[in-house]
Enquirer: 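Sharing a structure below in structure tokens format, with a few things to ask.
Below, read A as the first sequence line, B as the second, and so on, with proteins coming before strands; counting in each chain starts at 1. What's counted below: heavy atoms across the whole structure, side chains too, no hydrogens, waters or symmetry copies.
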Protein chains: 2
Amino acid sequence: MKRSITLKDIALHFNVSISTVSKALNDSHDISIALKAKIKEYARSNNYRPNPYARNLRKKDNRTIGVVIPNILNYFFAQVFSGIEKVANENGYNLISCISNESLAKEKNTIEILERGLVSGLLISLSEGTEKSGDYEHLKSFADNGIPIVMFDRVTDLVACDKVIIDDFNGAFEATTHLIRTGCKNIAIISPLDNLNIGKQRLKGYLTALEKNGLPPNPNLIIKIFEEELFEAEVRALLTRNRVDGILGLEEFSAINAMKIAMSLGYEIPEDLSIIGFTNGQLPQYVSPRITSVSQHGKFIGEQATHKLIQRIENNKEDSMEEFSTQKLKTSLVIRESTKPLNF
Amino acid sequence: MKRSITLKDIALHFNVSISTVSKALNDSHDISIALKAKIKEYARSNNYRPNPYARNLRKKDNRTIGVVIPNILNYFFAQVFSGIEKVANENGYNLISCISNESLAKEKNTIEILERGLVSGLLISLSEGTEKSGDYEHLKSFADNGIPIVMFDRVTDLVACDKVIIDDFNGAFEATTHLIRTGCKNIAIISPLDNLNIGKQRLKGYLTALEKNGLPPNPNLIIKIFEEELFEAEVRALLTRNRVDGILGLEEFSAINAMKIAMSLGYEIPEDLSIIGFTNGQLPQYVSPRITSVSQHGKFIGEQATHKLIQRIENNKEDSMEEFSTQKLKTSLVIRESTKPLNF
DNA sequence: CTGAAAGCGCTAACAT
DNA sequence: ATGTTAGCGCTTTCAG
């Protein structure tokens, strides 16, 4: 690597001390306006950039945020990531990003690397493996170091930190209520997320909606998928052995794939069967019929989480210990063609 | 941040010097086996991790790769990214990632930040703004620093570095040839990518396929889209004012959206109109009819580019100047329902 | 085999 | 208003 210009070089050029240059560049009031101007001008035209490693060695302020995401091929997380990137960039932060690939081991490994001062804050959505195992020691230890964490979407009560989540309970509650209002009586729920807290919350929202409307829950209509390969068989069985006139899919693919299966079995959508899916990505808008979806506003979640983290990082310095907060974002139901119209 | 254990702490504990500990941990032959074992054991059990900033200040080896991607919401780039992440992780490299958002200004800014020694290598796919402007100074300057660059997918001849691309010409050539073989005579091409080199290559492949099969090119069937808002109007005009029996869409959305428009105009797919699209994401498999696609093997591109970069980084040290290479990956045509069967 | 010392580039007391 | 100095944590000669 070609040697790049340092404070020393500038100091030599002006025949002043290194600290003078440092202060000038940091716009200190100590330095005369004239000198500051000259030094800054010279620095700019010589394309001076402080060495980030040297700076971080001194200050515990490296303007870098660690991001851990379970799976970037998931459109929701890609949306969140784009929100994170936007806000980080606006505030002059870099991102070190890792994909945990839904694995506890990889998540732990990643966190350990970041822990040694590589980042001044962490944004994380828990991997499925982590939630399943219930092992949060790596995160607790990270938080103990005093580096702020903001969890988003997939969070746990067992780690004390700020959180940004969607109202999973209400999202499912509203979706189920919508199905009921449009005339569905036998509503199934398909959950590939039962290892995750968000999956459990959504299930509760579904059950509560049924209850409030006087519909008894039917265990045969509650399908938990733990292995992707079993999806087709389970849904096929659901649709052939039971009377079903509504389906709530807890993530993007469960709704879409269930719809494909139902159509292949001769169901008319939405006349015979209404479908709503969580996550409003590209897919639900492109299939036909277009699928009514619970929108999770992924980009906004990313933006909010990053704002909170940066605020926490910058306040941390001033030692004003603020209480941890959990921001719960509303979902919205985007009504399309896979559900019947409301009948007043 | 809680103070984490340093070489000094270990040295104090064993009453030896810091340099002894450093050497022991680096497995130097200078240190006695016994001492090394004790020190290593102590370090491990106290969870010692070298401070990455301090280390990098000394050595120009930071095991960090910069990644610049035009748009993470694009499924192809998400795939590439997952390939990059996998290989980087396997080799113990961290990723600093940035999204250029198709903007030259943002790309420049990003590169400048990374330039000052933050990363020991760069993976980049050019933003549309950059290709359009033809301004590659930021990349040339980056390369001049001696930090290796590997460009993928969207590359330019004007910067000397390693490249990993797909065979865009042949991908389009084969797709067009397939349309011709299945009986299409009036094949249109829809290109929202004409600002990009890959778009131009694909157009050439299309034209060459027509020529080789004795079909004269028709300028009315060559649609270049420079503003997304105009897409619908242009395609609608294409389909109403001309006889068209085949469409080649140069990226995912152009094929899908064109198909929607054609269907709304009463075209039967593939009987009246055959469609092939570049990029094999989720969408082409989920719409109906499912769309025949040119698969670009995004994850593989990411893996290959990262392998090459790491190899370059590690060889750089040994100063063995190897020639820059361009690896051109084959595309493959995934045949689905939007094209007619081959008639033998 | 082990240690002392210098220095990477920068910041921040503490002089002057 | 400017300079001196010490030191962040680590590696690396060079001496013992």
Enquirer: Check the side chains of A/Ser19 and A/Ser22 for a donor-acceptor pair under 3.5 angstrom, ignoring hydrogens and angles.
Expert: no
Enquirer: Quick one: is D/dT11 close enough that its OP1 or OP2 comes under 4.0 Å of any side-chain N or O from B/Arg55?
Expert: yes
Enquirer: Spell out yes or no: do the side chain of A/Lys23 and the base of D/dG3 have one donor N/O and one acceptor N/O closer than 3.5 Å?
Expert: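 Pair found.
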Enquirer: Would a distance-only check, ignoring hydrogens and angles, find a side-chain to backbone donor-acceptor pair under 3.5 Å from B/Ser125 to B/Ile69?
Expert: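 Side chain of B/Ser125 to backbone of B/Ile69, a donor-acceptor pair under 3.5 Å: no, none is there.
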Enquirer: Under 4.0 Å: is that the gap between some side-chain N or O of A/Ser22 and OP1 or OP2 of C/dT11?
Expert: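 Indeed, a polar side-chain atom of A/Ser22 lies that close.
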Enquirer: Whole Å only: how far is the NE2 atom of B/His29 from the C1' atom of C/dT2?
Expert: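 Distance check: B/His29 NE2 to C/dT2 C1' gives 16 Å.
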Enquirer: Without decimals, in angstroms, what is the distance between A/Arg58 CZ and D/dT5 P?
Expert: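 That distance rounds to 16 Å.
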Enquirer: Provide, to the nearest angstrom, the distance between the CG atom belonging to B/Leu35 and the P atom belonging to C/dG3.
Expert: 8 Å
Enquirer: Any sub-3.5 Å donor-acceptor pair from A/Thr156's side-chain atoms to A/Val159's backbone N or O?
Expert: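 Side chain of A/Thr156 to backbone of A/Val159, a donor-acceptor pair under 3.5 Å: no, none is there.
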Enquirer: Compare side-chain N and O positions of A/Tyr48 against OP1 and OP2 of C/dG9 and report whether any pair is under 4.0 Å apart.
Expert: no
Enquirer: For B/Asp27 and C/dC1, give me the distance from atom CG to atom P, rounded to whole Å.
Expert: 13 Å
Enquirer: Has the side chain of A/Ser19 got a donor or acceptor atom sitting under 3.5 Å from an opposite partner on the base of D/dT2?
Expert: no
Enquirer: Please check if the side chain of A/Ser28 supplies one atom and the backbone of A/Ala24 the other of a donor-acceptor pair under 3.5 Å.
Expert: no
Enquirer: Nearest-nucleotide wise, let me know which of B/Ser32 and A/Pro50 is further upstream toward the 5' end of DNA chain C.
Expert: B/Ser32
Enquirer: Taking atom P of D/dT2 as reference, at what distance in whole Å does atom CZ of A/Phe14 sit?
Expert: 12 Å
Enquirer: Could you work out which one of C/dG9, D/dC10, D/dT2 sits closest to the side chain of A/Asp30?
Expert: D/dT2
Enquirer: Would you kindly give the CG-to-P distance between A/Asn15 and D/dA1, to the nearest whole Å?
Expert: 20 Å
Enquirer: Answer yes or no: does a side-chain N or O of A/Tyr53 lie under 4.0 Å from OP1 or OP2 of D/dT11?
Expert: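 Result: no.
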Enquirer: Once you round it to whole Å, what is the distance between C1' of C/dG3 and CG of B/Asn26?
Expert: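 Distance, rounded to whole Å: 16 Å.
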Enquirer: Does C/dT2 have OP1 or OP2 under 4.0 Å away from a side-chain N or O of B/Thr20?
Expert: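 False: B/Thr20 side-chain N/O out of range (4.0 Å or more) of C/dT2 OP1/OP2.
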Enquirer: For A/Ile18 and D/dG7, give me the distance from atom CD1 to atom P, rounded to whole Å.
Expert: 17 Å
Enquirer: With no hydrogens and no angle check, is any side-chain donor or acceptor of B/Asp162 less than 3.5 Å from a backbone partner on B/Ser325?
Expert: yes
